[in-house]
Amino acid sequence: MAFENQYIQQRIEKANQLKELGINPYANNSDRNTTIAKFMNVNSDIGTLEDKRDENRHYIVAGRIKLFRLMGKASFLKIEDESGLLQIYVARDNLPEGFYNTIFKKNIEVGDIIEVGGYPFVTNKGELTLHVSDLKILTKAISPLPEKFHGVTDKEIRYRQRYLDLIMNAEVRKTFHTRSRVISLTRRFFEDKGFLEVETPMMHPIAGGANAKPFVTLHNALGVERYLRIAPELYLKRLIVGGFEAVFEINRNFRNEGMDATHNPEFTSIEFYWAYKTYKDLIVITKEYFEYLFDHLELPTLLPYGDLEVDFSKFTEIPLVESLSVIGNVPEAIVNDKEKIIAYLKEKHIDVNASMNLGQLQGELFDEYVEGKLINPTFITHYPVEISPLARRNDENPELTDRFELFIAGREIANAFSELNDPVDQLERFEGQMQAKESGGDDEAHEMDEDFVIALSYGMAPTAGQGIGIDRLVMLLTNEHSIRDVLLFPAMKPQTQETKPEEEE
RNA sequence: GUCUUGUUAGCUCAGCUGGUAGAGCACGUCACUUUUAAUGAUGUGGCCGUUGGUUCGAAUCCAACACAGGACACCA
């Protein structure tokens with residue numbers, strides 16, 4: 001059972017005692033009239049006063065008890081609200097007759113949420129403190145909090161019971177404040193640029209827009225399977241066909257793949273599509289976007305990330321094939337020769353499927369020798385057409401695409417390209433992907449989406465589009481190294497319960 | 001999916017080459033009206049992740065399983 005623990009039983013008993021005394025331990029309302037941060041701010045002058053106190057000021061604050069130091073007829077407590085931590089001084093003789101001994105000392109403890117009224121003063125040790133004359137319990141906590149000094153460090157508890165993590169760890173709260181700011185700023189940035197925020201389906205008849213395994217669900221009324229979306233791309237481009245010229249969507253994608261420090265089955269991205277623009281315009285807007293974020297988040301352009309230091313004033317560009325030799329130190333003579341790449345990789349004991357085409361092999365080389373070395377922001381441009389089924393071919397070299405991916409701290413942060421708007425080419429690319437799937441080489445190849453090809457057949461203006469992984473971006477900006485630390489409720493395996501008795505028949 | 005490390009009180013952790021459980025905090029009781037992880041005294045609290053095996057005897061050794069962390073593989 002849930003509440004059989006002895007400490008919880010003790011606390012339930014205290015809640016019952018409060019009820020018997022006519023005090024509801026789950027109060028209906030609070031008369032709080034300021035936050036702790038405002039209290040600290042407004043009363044920062046108290047220490048300069050002659051008595052170090054001002055009994056004419058009166059504030060009511062509320063918060064959770066984090067520390068309880070009881071010293072006979074007086075106590076010091078620390079209470080915390082979202083804005084900060086405040087010491088309060090509670091003395092017997094300042095409270096109604098009997099309150100201190102029968103209610104306060106006996107039935108109020110660490111973890112409870114209380115409301116206190118009183119005046120500000122500064123203690124002998126120099127700490128701004130609220131001198132309490134009224135105290136009311138707002139919410140009784142019947143489960144005890146983790147230990148006051150070490151807090152909760154067990155990652156499993158922190159993720160499964162995130163509320164405990166948030167109660168105990170102020171820096172975790174700060175990370176999620178930053179995450180919220182990033183999303184809010186992103187929205188504002190694109191709105192200010194004239195983009196329209198749209199919502200496209202989360203349940204797709206065809207899992208398109210990326211190469212990934214989807215989650216499958218069943219729509220009972222229609223009797224059909226639906227896929228949780230792996231990307232919103234094909235719907236957003238349909239909107240460009242429809243005449244919207246700049247759209248964006250910030251939302252979740254779902255991919256039925258492994259979980260690790262940089263992958264969660266559901267993750268947040270922004271995708272935006274911009275008509276009459278090319279990938280070169282996207283490079284410009286991406287730089288502006290980062291500048292905007294750093295400005296508003298007040299981050300230094302020389303940003304530490306673990307052992308690394310990322311210089312956000314130094315965005316560079318380099319074509320993918322060139323990066324193989326220049327950054328990856330792969331011999332220049334082999335990078336455009338399929339057989340030589342296979343031989344080279346074999347020599348380095350890297351397994352490759354012999355049926356891979358040149359573009360895929362160049363992608364392999366890039367992943368192996370270049371990606372991890374891209375610390376400062378780097379736009380890798382001109383991806384091979386074979387690994388870019390939705391991107392426009394380059395005018396000078398049709399084997400390449402007008403595409404880039406942005407890498408920072410050795411990780412992909414964004415993927416962008418001038419969109420393929422030739423419907424016949426798009427159809428052929430889908431067919432090529434289907435072949436790759438059937439020949440067994442690539443079980444995550446892109447699905448055929450005929451309806452999308454038909455949409456393109458009505459004409460999509462030249463358009464550039466980009467996706468940015470918000471979770472990884474937040475990781476970068478908050479110096480976190482696991483995606484779980486920037487997701488409030490990361491995916492976890494269920495904990496095994498005792499076997500259900502009714503299923504034993 | 002593979003490898004690897006971990007799982008002991010509400011929390012943070014000890015527990016050696018097997019002899020049947022320890023600390024700090026928290027909690028209970030007592031003292032204490034300016035403390036800073038308050039202090040002093042005293043007490044309660046354990047399916048030692050689960051299941052099996054070895055053994056006279058298992059928190060400890062072995063195996064399987066579950067969950068978690070890390071690394072690799074795949075992906076964003």
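For clarity, every value in this text was computed on a predicted model and none was experimentally measured. First the proteins, then the strands, lettered A, B, ... as listed; each starts at 1.
Across all strands shown, A:Ile157 has heavy atoms under 4.0 Å from sugar-phosphate atoms exclusively, and none from any base. Contacts of A:Gly467 with the nucleic acid, taken as non-hydrogen atoms under 4.0 Å apart, are absent. Base contact: A:Asn264 has a heavy atom under 4.0 Å from a base atom.
Using a 30° and 60° split on the angle between ring planes, A:Tyr59 and A:Phe39 fall in the perpendicular class, above 60°.
One interatomic measurement links the two molecules: CD of A:Glu127 to P of B:U35, which rounds to 12 Å at whole-angstrom precision. Here B:C74 presents its C1' atom at 12 Å from CG of A:Asn211, a figure rounded to the nearest Å. Distance A:Asn94 CG to B:U34 C1': 13 Å, rounded to the nearest Å. Going from atom NE2 of A:His150 over to atom P of B:A23 covers 17 Å, rounded to whole Å. Rounded to whole angstrom, the span from the CE atom of A:Met475 across to the P atom of B:A76 amounts to 16 Å. In this structure, the CZ atom of A:Arg69 is 11 Å from the C1' atom of B:U34, given to the nearest Å. Rounded to whole Å, the distance from OH on A:Tyr7 to C1' on B:A9 is 6 Å.
Phosphate contact (OP1/OP2 of B:U12, side-chain N/O of A:Thr153, threshold under 4.0 Å): present. When the side-chain nitrogen and oxygen atoms of A:Lys148 are compared with OP1 and OP2 of B:U12, none of them lie within a distance under 4.0 Å. Residue A:Arg411 places none of its side-chain N or O atoms closer than 4.0 Å to OP1 or OP2 of B:A76. Side-chain N/O atoms of A:Lys125 include one lying less than 4.0 angstrom from OP1 or OP2 on B:U35. An OP1 or OP2 oxygen of B:G70 is reached within less than 4.0 angstrom by a side-chain nitrogen or oxygen of A:Arg484.
Ring-base stacking between A:Phe76 and B:A38 is not satisfied when judged by a centre separation under 5.5 Å and a plane angle under 30°. Here A:Phe149 lies parallel enough and close enough to stack on the base of B:A37, with planes under 30° and ring centres under 5.5 Å apart.
Closest to the side chain of A:Ile483, out of B:A68, B:A38, B:A76, is B:A76. You'll find that the side chain of A:Glu412 is closest to B:A76, out of B:C67, B:A38, B:A76. Candidate nucleotides B:C32, B:A37, B:C11 were compared by shortest atom distance to the side chain of A:Met71, and B:C32 ranks first. Distances from the side chain of A:Arg53 to the nucleotides B:C32, B:U35, B:U34 place B:U34 closest.
Across all strands shown, B:G70 is found opposite B:C3 as a Watson-Crick or G-U wobble partner, with both distances under 3.5 Å. For B:C30, the paired nucleotide is B:G40, the pair qualifying as Watson-Crick or G-U wobble because both relevant distances are below 3.5 Å. Under the Watson-Crick and G-U wobble criteria, each requiring two contacts below 3.5 Å, nucleotide B:U60 is left unpaired. With a cut-off of 3.5 Å on both pairing distances, the Watson-Crick or G-U wobble partner of B:C13 is B:G22. Taking a pair to require two hydrogen-bonding distances under 3.5 Å in either a Watson-Crick or a G-U wobble arrangement, B:U55 remains unpaired. Of the nucleotides present, none pairs with B:C48 by Watson-Crick or G-U wobble criteria with both distances under 3.5 Å.
By the 4.5 Å heavy-atom criterion applied to side chains, A:Arg179 and A:Leu487 are counted as neighbours. Inter-residue side-chain proximity for A:Arg403 and A:Asn415 is flagged as met; some heavy-atom pair is nearer than 4.5 Å.
Looking at A:Gln87, its side chain comes within 3.5 Å of the base of B:U35 through a donor and an acceptor atom. A:Thr129 contributes no side-chain N or O that forms a donor-acceptor pair with the base of B:U34 under 3.5 Å. Scanning atom types as modelled, one donor and one acceptor separated by under 3.5 angstrom connect the side chain of A:Asp260 and the base of B:C74.
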As a quick check of understanding, evaluate side chain to side chain contact (heavy atoms under 4.5 Å, CB included) for A:Phe267 and A:Arg472, giving each step before the final call. CA-CA 9 Å; A:Phe267 64 99; A:Arg472 291 184 181 178; over 6 Å; no

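Comparing the C1' positions of B:C48 and B:A41 gives a spacing of 30 Å, expressed to the nearest Å. B:A73 and B:C65 have their C1' atoms separated by 24 Å, given to the nearest Å. Spacing between B:U12 and B:A37 at atom C1', rounded to whole Å, works out to 13 Å. Using C1' as the reference atom, B:C11 and B:C72 are 33 Å apart when rounded to the nearest Å.
Nearest heavy atoms, A:Phe176 versus A:Asp485: CZ-O, 3.6 Å. Heavy atoms only, all atoms of each residue included: A:Phe254 and A:Ile230 are closest at O-CG2, 3.3 Å.
Using modelled atom types and a 3.5 Å distance limit, the side chains of A:Ser75 and A:Tyr100 yield a donor-acceptor pair.
Both A:Asp154 and A:Arg472 sit near RNA chain B, but only A:Asp154 has its closest nucleotide nearer the 5' end. Between A:Asp471 and A:Lys106, the residue anchored nearer the 5' end of RNA chain B, judged by the nucleotide with its closest heavy atom, is A:Lys106.
Separating the CZ atom in A:Arg252 from the CD atom in A:Glu266 is a distance of 5.0 Å, to the nearest 0.5 Å.
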